[in-house]
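Notes to accompany the following structure.
Chain A is the first sequence line, chain B the second, and so forth, proteins listed ahead of strands; every chain is numbered from 1. FYI, side chains are in, hydrogens and waters are out, and symmetry mates aren't considered; it's all heavy atoms of this structure.
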There are 2 protein chains.
Amino acid sequence: MRSVQVTIKDIARELGISPSTVSRALKDHPDISIETKKAVTELAEKLNYTPNSIALSLRQQKTNTIGVIIPEIIHFFFSTVISGIEDIAYDAGYSVIVSQSNESYDREVMDSKALFNNRVDGMLISLSRETTQFDHLKSLFDRGVPMVFFDRVTDAINCSKVVVDDFGGSFEATEHLINQGYKRIAHLSGPKSLTISEVRLEGYKAALAKHNIPYDEKLVMRDKASEDEQSAKKLTEQLLSGPNPPDSLFAINDIAALGAMMAAKEKGLKIPKDFGIVGFSNWRFTSLTEPPMTTVNQPGFEMGQEAARLLIKQIEAKNDEVIEPETVELKTNLVIRGSSVPK
Amino acid sequence: MRSVQVTIKDIARELGISPSTVSRALKDHPDISIETKKAVTELAEKLNYTPNSIALSLRQQKTNTIGVIIPEIIHFFFSTVISGIEDIAYDAGYSVIVSQSNESYDREVMDSKALFNNRVDGMLISLSRETTQFDHLKSLFDRGVPMVFFDRVTDAINCSKVVVDDFGGSFEATEHLINQGYKRIAHLSGPKSLTISEVRLEGYKAALAKHNIPYDEKLVMRDKASEDEQSAKKLTEQLLSGPNPPDSLFAINDIAALGAMMAAKEKGLKIPKDFGIVGFSNWRFTSLTEPPMTTVNQPGFEMGQEAARLLIKQIEAKNDEVIEPETVELKTNLVIRGSSVPK
DNA sequence: TTGAAAGCGCTAACAA
DNA sequence: TTGTTAGCGCTTTCAA
C-alpha cells in the first residue's frame, strides 16, 4: 500500500473531467460519450490503473469474498475441498480466503472473528476437533452472516450442511468385498461414542444383511483401531490368528486400513488375493501406497463445490427471500487402485 | 455484509457523544476520561461491536495482510510453507491470504492482480511451472509492492529470495550413504536443462571427491528418472543388472526414490541392508511408505517463516530506509525413517 | 452527457 | 477532555 497507487482522481485530473465521469466511463455506462470512454480507458491502461477493492467493498457493503475455516490445510482432504470451493467461487465472482484453526477451539474463535471483521460475504466452516461449544458461530449466524458447514458439522446451528454419506459408503465398501467373493468380512470400527463409527457400522451390517451373511459380533473390533496403525495391526493379527479367521476386512479409515494391511502382509497373505481390504478414506492414496488397494473416498472436491454453491445461493438471495437450510449427503466414490483380482 | 453491523456511530449516538470520542476510547487514548472509556467499552461489548477492517484498511492505507501465491496447495511442501508463513505473520499482526496458480501462468497473472487490487501489504511468491515471463510481477515490484520469492524463484526480479540448499543437501545425502559404508553410489538425476539437477549432481560429486571415491559417469542416470516412477524403476534395474552394480543410490527426488526402491525390492534386495537409498524430497514421507527410508527434506515450514520475516522487514521499513535484497539458502534436513541399519 | 455532493466506517489534525 | 472536519477511493443520486 505504500506503493504507488493510481486512482480515479488521477485519471480525472489528467483528463480535466470529474471522477464520477471516469468511474462511469470505466464501467461502460450508457450515458458517457464514446470519446470520453475511449480517452478514459486508454489513459487507465497507460497508467496501469486497477480499481481499489478495499474502497469498493466499503462503498458497496459487499466484499465478494468467501471465508473458509478448516482444521488443517495439510490434510489432503481439506486441500481438495478448497479447490472445489475455489472452483465454484471464482466462477461466481468471489474470492476465497482460507484460515486454519489447527484443530484448536481458540484459533477457530479468532478465525471466525477475523473473517467477520474482514466482512466476508459468507463463511464455510469445518469444525475443529476441540470445538464443543458454538457461541462464536451462533452469534455470527444470528447476526445474519450466511454460513454453511461441511464434513465436521454441528446440529447447534440451523444452517445448511454438506456431509459424507457414511452409511452409503460403508454399505458400498462392504458390498464390494462381498461381490469379490469374500464371505467372512471383519470390520475395524471406531469408538462407540462417535456417531460416525455407529453409522459406518450400520452400513456394514446392512450390506451383510442384504446378502444374507450373518452378522458376527466377534468380527468387529473397536478400541483404538481408528487411531493408530499399531493398534489396528494388533487387532487384525488377533482376528487372523483366531479360530475362524476372516477372509477380508472393511476398515473405518486409512489408519486402520494400513494397520490391517501390515498385519496381513506379515502373515504372508497376498492382498487382495488371500485377503481383501477396503478402507474408508479421506486421503488420496497416491503411489506411495502399494497397490492394489481399495478405498471408499470422501469426495473432497465435490464437497467444496456443493458447500460453495449453497453459500452463494444464500448470499445472493434477495433480502426478503427465505432460504431453507438443507443438509446434503454426498455420495462417496469407490476407488480401486492397482488391478482388482477377483477371487 | 448484508448482516447487521454495529458501527462506531451507533455507539456514539446511543451514548450521546461523538464518533471520534468513541474511536479514541476504544483504542485507550490517554486523553479520554475513565468514565467515558468505561461507558464506551461496556456498550461496545454489549452490542458486540467489532471494527470494520475494510474501513480501517482504506483509512490507514494498510491492510495488514500478506498475499501468497503458490502453485498448488495440495502439495505437502507448500502446505507446510503456508504454516510457516502464518506462524510469523500472525505474531507480527498480519493475516495471510493464499491463492493457488495451479501451475498456470494465466492464473498466476490473475492472482497477482487480485492480490494487488486487494492492496496486500506485500507478496510471497513461488512461481508456477509455466511461468517464463515475469512482467506481471516486475511491474508490481517496480510500483513498490514488497515481494519475496521462495523455492521457485527467478533472477529477473531483484528482490529477496529464499531457496533450498540443493548443493548442501545432495552433499549430505551422498555423504550419509558413504558414512553407512556404501562404496558404489549411483545417482538418479534430472534433465541437464534444469539448474536444480546440475546443482544436486555437483553436491553428489563433491561428497564423492571428499571421500576419495572416484566419480563414475556410468552410475549417473538422467532421462526422466525424476518424472515418473516407472522410468526411475527401469533405470535402476538397468544399473542393478549391469556388470558392476552400485550398492546404493541417491535419488534427485521422491519419484525417483520410489522407483529405485521398487526395483531394488523386486530384485530381492533388503533396504538398507543390501542397498542404500536416499532421496531428496519435498514431500513428507508418512507411514504410507515403508520404513526404513532416508530422505533429505526441504524445510517447508522454515522456508515459510524465513520468507515471511524478510517480507515483513521490507513492509515495515521506514520510507527512506533501503533494504538490500538478500538470498537465503536454507539448510535441508536429513530424515531417517525406521531403523538405520549400518552395513 | 457530465458534474457536484454525499456517504460507506474509520481516524487524526485541529479547534474548542 | 471532547467535538468538528476532512478524507482514504469509489459509486450514485440529483441537478445541470
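Side chain of B:Asn118 to backbone of B:Leu115: no donor-acceptor contact under 3.5 angstrom is found. For the pair A:Asp10 (side chain) and A:Thr7 (backbone), a donor-acceptor distance under 3.5 Å is present. Side chain of B:Asn102 to main chain of B:Ser104: no donor-acceptor pair is present (N/O by atom type, distance under 3.5 Å, no hydrogens or angles).
Between A:Arg152 and A:Glu103 there is a salt bridge, since a side-chain N of the basic residue sits under 4.0 Å from a carboxylate O of the acidic one.
Between the CD1 atom of A:Ile32 and the C1' atom of C:dG3 there is a distance of 10 Å, given to the nearest Å. Rounded to an integer number of Å, the gap from CD1 of A:Ile8 to P of C:dT2 is 15 Å. The separation between B:Asp10 atom CG and C:dC8 atom P is 11 Å, rounded to whole Å. Between the CZ atom of A:Arg13 and the P atom of C:dT2 there is a distance of 20 Å, rounded to whole Å. A:Arg119 has its CZ atom 11 Å from the C1' atom of C:dC10, to the nearest Å. C:dG3 atom C1' lies 13 Å from atom CG of A:Asp31, rounded to whole Å. Between the CD atom of A:Gln5 and the C1' atom of D:dC8 there is a distance of 9 Å, given to the nearest Å. The interatomic distance linking A:Asp28 (CG) with D:dT12 (P) rounds to 14 Å, in whole Å.
Here the side chain of A:Thr36 is nearest to one of D:dC10, C:dT1, C:dG9, namely C:dT1. Which of D:dG9, D:dG3, D:dC10 sits closest to the side chain of B:Gln61 comes down to D:dG9. Here the side chain of A:Gln60 is nearest to one of C:dT2, D:dG9, D:dT12, namely D:dT12. Closest to the B:Ser33 side chain, of the nucleotides D:dT2, D:dG9, C:dG9, is D:dT2. Proximity note for A:Thr21 (side chain, C-beta onward) versus C:dG3, D:dT2, C:dG9: the nearest is C:dG3. Among C:dT1, D:dC8, C:dC10, the nucleotide with an atom closest to any side-chain atom of B:Leu58 is D:dC8.
In terms of phosphate contacts, B:Tyr49 brings no side-chain nitrogen or oxygen within less than 4.0 Å of OP1 or OP2 of C:dG9. In this structure, B:Ser23 does not reach the C:dG9 phosphate: none of its side-chain N or O atoms is under 4.0 Å from OP1 or OP2.
Along DNA chain D, the nucleotide closest to B:Gly16 and the one closest to A:Lys9 are compared, and the more 5′ of them pairs with B:Gly16.
Annotation: salt bridge (charged side-chain N to carboxylate O under 4.0 Å, His left out) contacts of B:Arg24 (sequence neighbours excluded): none. With sequence neighbours left out, B:Asp87 forms a salt bridge (charged side-chain N to carboxylate O under 4.0 Å, His left out) with no residue at all.
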Collect all protein-nucleotide pairs involving nucleotides 13-16 of chain C in which both atoms are nitrogen or oxygen and the distance is under 3.5 Å.
{"from": "C:dA13", "atom 1": "N6", "to": "B:Arg24", "atom 2": "NH1", "distance (Å)": "3.2"}

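Checking A:Thr50 against B:Asn117 by side-chain atom types alone, a donor-acceptor pair falls below 3.5 Å.
Counting any heavy atom pair closer than 4.0 Å across all strands shown, B:Thr7 reaches sugar-phosphate atoms only and no base atom.
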